[in-house]
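All remarks here apply to the structure that follows.
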Amino acid sequence: TGMVDKSCLQPLEKSGFLNKTKITEGGKKLRKNWTSSWVCLEENKLEFYKERKQQTLASLKMSHKPESVELHGAQIEWAKDKSSRKNVLQLTTISGNEFLLHCENDNIHEWYEAIKHMIDKLAKQ
Ligand code: I3P
């Protein structure tokens with residue numbers, strides 16, 4: 001049909017909706033701004049798309065540049081005192097940027113495992 005039902009162009013390890021907020025950038029603490037993102041875990045990065053739409057690859061490429069987070073050298077851990085929410089993950093990049101990731105359901109455990117697996121795999125390369 002020419003339509004795709006996911007917003008990712010590379011082989012995918014995992015994708016789905018997560019709530020996300022960046023809390024530190026370039027050493028500076030940011031004000032939290034939780035937003036829902038369509039998240040794609042790829043070979044070496046996480047990509048955050050503003051929304052998920054049924055659309056062609058061509059229109060996706062033109063109109064939806066994702067925020068891309070490098071996973072090489074990153075760390076993923078359960079965030080304990082960073083949020084009033086439960087089951088929040090903290091992703092820290094090699095450059096020191098910090099993100100919180102959250103979802104309402106048990107899927108967050110699969111995300112933890114998948115991201116951790118990818119980070120560990122990249123560390124061995
Ligand atoms: C923030 C907002 C966030 C909350 C954050 C608040 O207020 O309520 O949802 O984070 O808590 O400061 P505002 O909208 O005025 O910016 P959580 O949902 O993760 O708890 P925090 O300041 O304790 O981080």
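Indexing begins at 1, ligand by ligand and atom by atom, following the structure's order.
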- State whether Asp120 and Lys116 are salt-bridged, where the test is any N-O pair (Lys NZ or Arg NE/NH1/NH2 against Asp/Glu carboxylate O) under 4.0 Å. yes

- Query: Do His72 and Leu122 have side-chain heavy atoms sitting under 4.5 Å apart?
  - Reply: yes

- Select all protein residues for which some heavy-atom-to-ligand 1 distance is less than 4.0 Å, and list them by chain and number. Arg31, Lys32, Trp34, Ser83, Ser84, Arg85

- Quick one: does Trp34's side chain get under 4.5 Å of Leu100's, heavy atoms only? yes

- Task: Say whether, by atom type as modelled, one donor and one acceptor occur between the side chain of Thr92 and the main chain of Glu98 under 3.5 angstrom.
- Result: no

Can you give me every donor-acceptor pair (side chain of residues 102-110, partner residue at least two apart or in another chain, under 3.5 Å) with its distance?
{"from": "His102", "atom 1": "ND1", "to": "Asn19", "atom 2": "ND2", "distance (Å)": "3.1"}
{"from": "His102", "atom 1": "ND1", "to": "Arg85", "atom 2": "NH1", "distance (Å)": "3.3"}
{"from": "Asn105", "atom 1": "OD1", "to": "Asn107", "atom 2": "N", "distance (Å)": "2.9"}
{"from": "Glu110", "atom 1": "OE1", "to": "Lys14", "atom 2": "NZ", "distance (Å)": "3.2"}

- List the atom of Gly16, the atom of Trp38, and the distance in Å for their closest heavy-atom pair. CA-CZ3, 3.3 Å

